[in-house]
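Here's a structure for you.
The analysis underlying the following values was restricted to heavy atoms, covering all of them including side chains, and did not include hydrogens, waters or symmetry mates. Letters A, B, ... mirror the listed sequences (proteins, then strands); counts begin at 1.
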4 protein chains.
Amino acid sequence: MLYSFTNDYSEGCHPNILQRLTETNFTQQAGYGNDQFTLEAVAAIKTLCQKPEVEVHLVAGGTLANLIILGAFLKSYESVIAAETGHINNHEAGAIEATGHKIETVPTPDGKLTPATIQPLLNKFPEFHTVKPRIVYISNSTEIGTIYTKQELTDLSTFCKQNNLLLFMDGARLAMALSAPTNDVSLADVASLTDIFYLGATKCGGLIGEAIIITDPSLQKDFKYYIKQRGALMAKGRLFGMQFAELLRHNLMFELAAHANQMAQKIATQLQELGFTFLTPAQSNQIFPILPDTLIAELSKNYGFFVWKKMPENKSAVRLITSWATPEEKVDQFLQEVKVLSEKQN
Amino acid sequence: MLYSFTNDYSEGCHPNILQRLTETNFTQQAGYGNDQFTLEAVAAIKTLCQKPEVEVHLVAGGTLANLIILGAFLKSYESVIAAETGHINNHEAGAIEATGHKIETVPTPDGKLTPATIQPLLNKFPEFHTVKPRIVYISNSTEIGTIYTKQELTDLSTFCKQNNLLLFMDGARLAMALSAPTNDVSLADVASLTDIFYLGATKCGGLIGEAIIITDPSLQKDFKYYIKQRGALMAKGRLFGMQFAELLRHNLMFELAAHANQMAQKIATQLQELGFTFLTPAQSNQIFPILPDTLIAELSKNYGFFVWKKMPENKSAVRLITSWATPEEKVDQFLQEVKVLSEKQN
Amino acid sequence: MLYSFTNDYSEGCHPNILQRLTETNFTQQAGYGNDQFTLEAVAAIKTLCQKPEVEVHLVAGGTLANLIILGAFLKSYESVIAAETGHINNHEAGAIEATGHKIETVPTPDGKLTPATIQPLLNKFPEFHTVKPRIVYISNSTEIGTIYTKQELTDLSTFCKQNNLLLFMDGARLAMALSAPTNDVSLADVASLTDIFYLGATKCGGLIGEAIIITDPSLQKDFKYYIKQRGALMAKGRLFGMQFAELLRHNLMFELAAHANQMAQKIATQLQELGFTFLTPAQSNQIFPILPDTLIAELSKNYGFFVWKKMPENKSAVRLITSWATPEEKVDQFLQEVKVLSEKQN
Amino acid sequence: MLYSFTNDYSEGCHPNILQRLTETNFTQQAGYGNDQFTLEAVAAIKTLCQKPEVEVHLVAGGTLANLIILGAFLKSYESVIAAETGHINNHEAGAIEATGHKIETVPTPDGKLTPATIQPLLNKFPEFHTVKPRIVYISNSTEIGTIYTKQELTDLSTFCKQNNLLLFMDGARLAMALSAPTNDVSLADVASLTDIFYLGATKCGGLIGEAIIITDPSLQKDFKYYIKQRGALMAKGRLFGMQFAELLRHNLMFELAAHANQMAQKIATQLQELGFTFLTPAQSNQIFPILPDTLIAELSKNYGFFVWKKMPENKSAVRLITSWATPEEKVDQFLQEVKVLSEKQN
């Protein structure tokens, strides 16, 4: 295979992380997140959030973050509202239900929730016989590559406050969202508009780690118990601290995310020029072009990607993902092959 | 502080791991444990177990391993039996109960279970009104530094088979147990005598990772669902695979563990020569000498350790832990200081 | 209010039950379901099922039965498939999710599942990242008054067997389904075609109690532990045994159900004659006529019922429920009032 | 068998209940606890508690009450403290752990907790790695027949308030405790000194039902969701309301309990006169005399009771339980037989 566009976690991590891990390897550090690197990471996140009262916890992965957060903040009869395409609904093997909670879902064209689509779920009858919605879960960027605008987030935040709902953003690919060409949202906006969110390193330059940020001080007490209870309090917290300490130095994470986005946008632009359409707007580093099945079969010989959905007329939507580590020459090579193959097939 | 004997996870990892992470950093690998390093690690573990039919899964930490395993193999009305000192009982913030299961405990002098101490828990009355024991949880080495002999494990294994119980070994410090001076157990013995166990890297040369080994093929089906559901299936499984691939090459992990044990044994031997006694037998890299409180106060100025338990006559048991990274000169320095201080105090 | 058609649990129970409770009140009986009345009830159920190997357990209510059964037979990563209108999905305050399991739902016009609507939920991708369907939950009669034919149940049963799924029937109103005018299913058919089902007394002549019937012997072991663990093993099991012992004597329960159905059918027939249409086919004791809002407002002054759903043209579907205790003169009175009011309004 | 002293739920219920059930059988009532009988019962309980702000909920049984209450008021990392003999620890098949919570136990000679025995469980180390105690669970009368004095309850209540703990009393046999010869506690005292408790009908004159009383208004919000979610919200709440409406009219329940106690005390007094000793103080309707095994063998031919514990010198402690329905002539007959048999054996 020449290159895989299957996901954005095929490579290791940015070399700065490995270099500092090596340099500091024999320094003794306190365990369980009390090391100096974690402190450094937390300080950097607070600065980016422009909100010193946020509380930060580093955990290994996104599903772990989701189940800890939802398990912590929902009472047993309270539910979380998510888009049908939401990661917690489809790709976590029932992790949220395993903590005892119902996910109520909303069909969407683009993976994004709005006040209008949430509203019907709030009208429950009869009282006590149904679950009570308490958290709205959104992903930015979404599982299908779209991003939220500042206005959309503001509307959701206002709606949640009016309805006694918490707004929780899954930020496994938040760096890509905030570095996308059409983005108008800052990390400080996210910290201001959500009650809890996380910022992922795994898919943006790190080896492992998601930073949970609790922006609402009333939710912060005793949160570490939940982390420990779910098996997520790591002895060598230095490994997690280091990811964020390095990735947030001089904005590195967002530059890496911008590169990932640029590679995807380059592909999207040229596919559009070749006349192909897309399943969802190509806004970040995950794009979903609709290609003839014959072309897909040929491309699969040299490139890795995921066939997402059968479409009419012997076509399918495929998912192409680029990462911080995607070399531009691989993108060019791929585009050249698409061009040649589609000319040949026509 | 001159040196900390507080735990065995204060340093990073063996340099081989960082070196190979760096060398292979830009190789694209499949996610979720399907990378080549994990395959390499699994092969090495199968060889050490002398049992090709074992199934291996790598997860981030010990509490996570415990809750996944017990959550997977217990029906909701089944319990796990553990020593009162067992990690699952005392130091996991209710992680096992959070998966819905009762821990039934046995008081022990040395942290070790025996058929005689388990037997009374099997006589339940009346039927259906009590939980039904199904798994026996043991730690080797134990939370208080002791290790199991081959005969003890064989007796437990036989007893469990006779009583339809599964035997599960928490091996967060299994490398130290198997490298202890008085040990007569091999990893193949463990694989043969238990139904499930894990081998920890975090405390023995790795940055992160515990290898869950399911030795009973009838327990292996669909286990990966439980891993995913608990948030433990990591996108960049390469990080975990690398720990074990490197630590199991040429027996490195067990050499590192032997070093940790030797450092502790050196301290233990000299403290005994100075006339000090111990709370539990000093068998591995965790030792519990009983020292005068005045001596403890002085030592605390330069050395980190944990005061474990108040004892009569103004003494306390302290916990001293050495690791693969403990330099012998720090041990010598510490012993010299003990000697000088205790002479001064007498 | 002249009469309430709000539900079928507004009255007490058939007098035979009270009479026998009184007669046997001072007989000492064993607790926890080992009393003679429970034995009598179990024997009657086995006879009706024409399947002596079924196991029977009596519990207090439908939600309790649902959560015990699904909690018992699902592994933590397995899901239950239900119609969107299914009681477990909408009216149990997240009871199933509180046992740790995801409900996967299917939209339906009539509250009934078919192989064709279930099939798409079986195609999961990628493995281990999604839940694994294991149980198909159906209600007969459904929450919207429809009933299954023998052919439909046979098709579902075959499909489930082919796909390693268990078929579970919620029979809170099974007596009404089996006594409905168009029904062609017997209790023995249900016992033969499902793996687990329950037969409800609460809504058909009893004060309390649902009889869980496990038809598949491989599912029967240790089930009583689950009942105890969910708080459903009652000290005075005689109360539950008595409901079924009396209601199943000489087919009483099914005669009572037939009466409930006849009262609803009488209403349905006359409403149809008056030109009204229905939201769902009027097949059992729950019917959903669509009436003008002005008529509804008038009727509400004297009769209790539930306004189910707003419809176009200032109409609404209402839910009318009759029971074993509904007097025919109340039905006639109600119909007379509808007739007079609708003539006046036209 | 001449008579069973095995438990206090062998008979039905006080005839007043059956009579009123019969009289009101065809009155239509609202479902789910909104019926007039439940309202009547709630009013009676409020009066007895001398605390109009308490909230009352009626559920079917004790295990159900325990799991709903502890599941509702504990966060996932919080534990409940109980005596080792506590019902939740030994006889509920892991019901509390199934809601996700650890029970921390204290050994006691008499089944009663004190501040001194609870205190050591509050000193946890290290923070976040252990569960956090939040509720103290006591039973009155206890599972081994003893009762709390007002001073003991006051001390516990004060201690709990000082340590941010809730005090929860399991009152499955509270009527017997409050009617015991040496009792100095009133129901109003219980309402004043605990945060939550329940008053059982099942073992004191009713067919079924425990009244959960939440005395702390800050705990009352949304409690009915928990009841529904655990399957405990019964359609025909009239059945439960009737038990308490009748049993609390003119203090009937406490008179019935006093009778049960008197029967047990009569046995205890005469056994003492015959020279027998007791495992625990004989204070209520459960007594634990220590009898020669030969005598036990003879008595078992005509009387039902439970052999509780093997004792030295070929003796055993047996459990004898009397109830509201125990006829005095059965007690006399039993005592006569003990007398004759023990004379013969001497």
- Query: Among Asn66(B), Thr27(B), Leu64(B), Asn7(B), which has the most heavy-atom pairs under 4.5 Å with chain A?
  - Reply: Leu64(B)
- Task: Give the member of Gly31(B), Gly61(B), Cys13(B), Ala60(B) that has the highest number of heavy-atom pairs under 4.5 Å with chain A.
- Result: Cys13(B)
- Task: Please state whether the side chain, the backbone, both or neither of Arg238(B) comes within less than 4.5 Å of a heavy atom of chain A.
- Result: side chain
- Item | For chain A, the option from Ile17(B), Thr63(B), Val59(B) that forms the most heavy-atom pairs under 4.5 Å | Thr63(B)
- Item | CA sep, side-chain torsions, deciding dist, call: Phe334(A), Tyr3(A), ring pair (Phe, Tyr, Trp, His ring centres under 6.0 Å) | CA-CA 9 Å; Phe334(A) 173 77; Tyr3(A) 195 72; 9.5 Å; no
- Item | Single hit among Ile212(A), Ile213(A), Ile214(A) for side chain to side chain contact (heavy atoms under 4.5 Å, CB included) with Val56(A) | Ile213(A)
- For Ser141(A) and Ala177(A), indicate whether the former's side chain and the latter's backbone hold a donor-acceptor pair under 3.5 Å. no
- Heavy-atom distance under 4.5 Å to chain A: side chain of Leu21(B), backbone, both or neither? both
- Kindly indicate whether the side chain of Phe240(B), heavy atoms from C-beta on, has any atom under 4.5 Å from the side chain of Ile208(A). yes
- Query: Parallel, tilted or perpendicular: which describes the rings of Tyr198(A) and Phe168(A), with under 30° parallel and over 60° perpendicular?
  - Reply: tilted
- Item | Heavy-atom pairs under 4.5 Å with chain B, option from Met234(A), Gln28(A), Glu11(A), Met1(A) with the top count | Gln28(A)
- Message: Looking at Arg20(B) and Glu23(B), is there a salt bridge between them, counting it only when a charged N and a carboxylate O are closer than 4.0 Å?
- Response: no
- Under 4.5 Å, heavy atom to heavy atom: which of residues 323-332 of chain A reach chain B? Give them by number, or say none. Trp324(A), Ala325(A)
- Indicate yes or no for a side-chain donor-acceptor contact from Glu78(A) to the backbone of Ile135(A) under 3.5 Å, with no hydrogens or angles considered. no
- Highest number of heavy-atom pairs under 4.5 Å with chain B among Thr6(A), Asn25(A), Thr22(A) belongs to Asn25(A)
- Per-residue tally against chain A (heavy atom, under 4.5 Å) across Thr99(B), Asp35(B), Leu239(B), Ile68(B) peaks at Leu239(B)
- Closest-packed option against chain A by number of heavy-atom pairs under 4.5 Å, given Gly94(B), Ala65(B), Ala30(B): Gly94(B)
Extract all donor-acceptor atom pairs below 3.5 Å that involve side chains of residues 199-206 of chain B and protein atoms in other chains or at least two apart in sequence.
residue: Thr202(B); atom: OG1; partner: Gly209(B); partner atom: N; Å: 3.3
residue: Thr202(B); atom: OG1; partner: Glu210(B); partner atom: OE2; Å: 2.9

- Quick one: what part of Phe37(A) sits under 4.5 Å from any heavy atom of chain B, side chain, backbone, both or neither? neither
- Item | Heavy-atom pair with the smallest gap, counting every atom of Gln286(A) and Thr142(A) | NE2-O, 3.3 Å
- Mind telling me whether Tyr226(B) and Phe223(B) have parallel, tilted or perpendicular rings, with 30° and 60° as the class edges? tilted
- Message: Is any side-chain heavy atom of Gln243(A) closer than 4.5 Å to one of Leu207(A)?
- Response: yes
